[in-house]
A.B. asks: 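Quick one: the structure is below, and I'll ask about it shortly.
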Amino acid sequence: MPTIIEPFRIKSVEPIMMTTREEREGYLREANFNTFLLRARNVLIDLLTDSGTGAMSSEQWAGIMRGDESYAGADSFYRFHERLHGITGFDHILPTHQGRASERILFELMGGEGMVVPNNTHFDTTLANVEHSGARAVNLPIAEGKDPKNRHPFKGNMDVAALEALIAEVGAEKIPLVMLTVTNNSGGGQPVSLENIRAVRAVCDRHKLPLFLDACRFAENAWFIKTREEGQGERPVAEIVREMFDLCDGATISAKKDGIVNMGGVLMMRDATLFQNATNLLILTEGYVTYGGLSGRDLEAMAQGFKEVLREDYLRYRIRSTAYLGERLLDMGVQIIEPPGGHAIYVDAGAFCPHIPAEQFPGQAVVAGLYREGGIRACEIGSVMFGQHAKPAMELVRLAIPRRVYTQSHIDYVLEVFAELHAKRDTLRGMRIVEEPPALRHFTAKFEEI
Ligand code: F0G
């Protein structure tokens, strides 16, 4: 098979900053070992997130100029609406400024004291929004999803029996909705199969519960379905995507992922009353219904991005280039969550530095090491991120790949830095938190090395 190349050429470039090891040591200390607190200009390869960091296409930039900035009824809104309706079949579609704005509106309406919200695995802002409403967030991943070495093709799946058990335990009247995150970000960027979505749908039907997708990475999920699920190989991705949405009653989307835009979100639902209530809240806190806190030009960029993300040559390259990083890391003996995820590779930091106990944040130690060695910025997904809630199953470091931004040689450089760090991993030191906020501490906590 010929090399799967980047299916684009580069029209506009942005310099990235080389720094010395000494400079990075200084920046790391100034940032109190929290890479969220680094200045981005001092980062060489930024794998902190794939959210809002993608490169827009020439057609998206053309859309930016076309943006209709009318307060109400802008053409840009209708282009956005038509595109999302075309992809998902939904009629009730609201633009929001990003995914968590959609979540905040949804859970303000459907959450609340005494309620329980099941998900395969809640993303951190989803969990925080569920709990902010007074409800309890419950994660129900399949057992295979918790074992880093298990190569189950759909490790993002929800444990359907556990969902049934939860409903039996708390009562269907306490469950306002069931959510499925596709792909399952906090569980390793792993996909959810159509079969699993159908099975969850069947449970929801039996108990008359609405099913919502957290559909940030719906296109990547659909590509995994096409390439891994029996009987799906011949179907166009767009058709699989449509079936995923047909199976649910609503969705929240951060367009900063598979919308390939720098800012934007979507909230969709079938229920007309819920839509009316969501519209009222949107107007109260985000903006009028035809712009939802965005500029007309943002809606244009989204309309175009959601079209481009469904191109199969793009998805083939996208999923392959993430797998390339993951497979090379495995080759060098670095344990990752297998198989490689869609938007990111998740390194098992507990296995990388067995000498650092979970209470001393092995993930944060690896994150600091990657920056110190090579100016690479990654993100801890473990006891720092989730420790205020419950002890997480794994101590992970996420290398998230921005869309259409880095080339293969950038990724080869990341691999070289990893090889160096791996060779001296016994020298990595644990961390202690010296200052932290009451929630979502990973964004602002300050650390020191032990
Ligand atoms: N749901 C999932 C599965 C996400 O990954 C994110 C964001 C959100 C919801 C919230 O969307 O950022 O637009 O408000 N994930 C980013 C990340 C931040 O780095 O994984 P948002």
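Atoms within a ligand are numbered from 1 in the order they appear, just like the ligands themselves. All residue numbers refer to positions in the sequence shown, counting from 1.
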A.B. asks: Between E220 and R403, does any side-chain N to carboxylate O distance fall below 4.0 Å?
C.D. replies: yes
A.B. asks: Classify the angle between the aromatic ring planes of F418 and F352 as parallel (below 30°), tilted (30 to 60°) or perpendicular (above 60°).
C.D. replies: perpendicular
A.B. asks: Hey, could you give me each pair passing salt bridge (charged side-chain N to carboxylate O under 4.0 Å, His left out) that has a residue in residues 281-309? Not counting sequence neighbours.
C.D. replies: R66-E300, E69-R297, R79-E300, E308-R404
A.B. asks: When you pair each N or O of ligand 1 with protein N or O atoms, which pairs come out under 3.5 Å?
C.D. replies:
from	atom 1	to	atom 2	distance (Å)
ligand 1	1 (N)	D214	OD1	3.2
ligand 1	1 (N)	D214	OD2	2.7
ligand 1	5 (O)	N185	ND2	2.8
ligand 1	5 (O)	R217	NH1	2.9
ligand 1	5 (O)	R217	NH2	3.4
ligand 1	11 (O)	K257	NZ	3.3
ligand 1	12 (O)	Q98	NE2	3.3
ligand 1	12 (O)	R100	NH2	2.8
ligand 1	12 (O)	K257	NZ	3.4
ligand 1	13 (O)	Q98	NE2	3.4
ligand 1	13 (O)	G99	N	2.9
ligand 1	13 (O)	S254	OG	2.6
ligand 1	14 (O)	Q98	NE2	2.8
ligand 1	14 (O)	G99	N	3.3
ligand 1	14 (O)	R100	N	2.8
ligand 1	14 (O)	R100	NE	2.7
ligand 1	15 (N)	K257	NZ	2.9
ligand 1	19 (O)	T49	OG1	2.6
ligand 1	19 (O)	R398	NH2	2.7
ligand 1	20 (O)	N185	ND2	2.8
ligand 1	20 (O)	R217	NH2	3.4
ligand 1	20 (O)	R398	NH1	2.8
ligand 1	20 (O)	R398	NH2	3.4

A.B. asks: Taking ring-ring contact (aromatic ring centres under 6.0 Å, His included) as the test, write out the residues that go with F212, two or more places apart.
C.D. replies: none
A.B. asks: Between D147 and K155, does any NZ, NE, NH1 or NH2 come within less than 4.0 Å of an OD or OE carboxylate oxygen?
C.D. replies: no
A.B. asks: Just to verify, what does Y291 make a side-chain hydrogen bond (donor to acceptor under 3.5 Å, both in side chains) with, not counting sequence neighbours?
C.D. replies: Y71
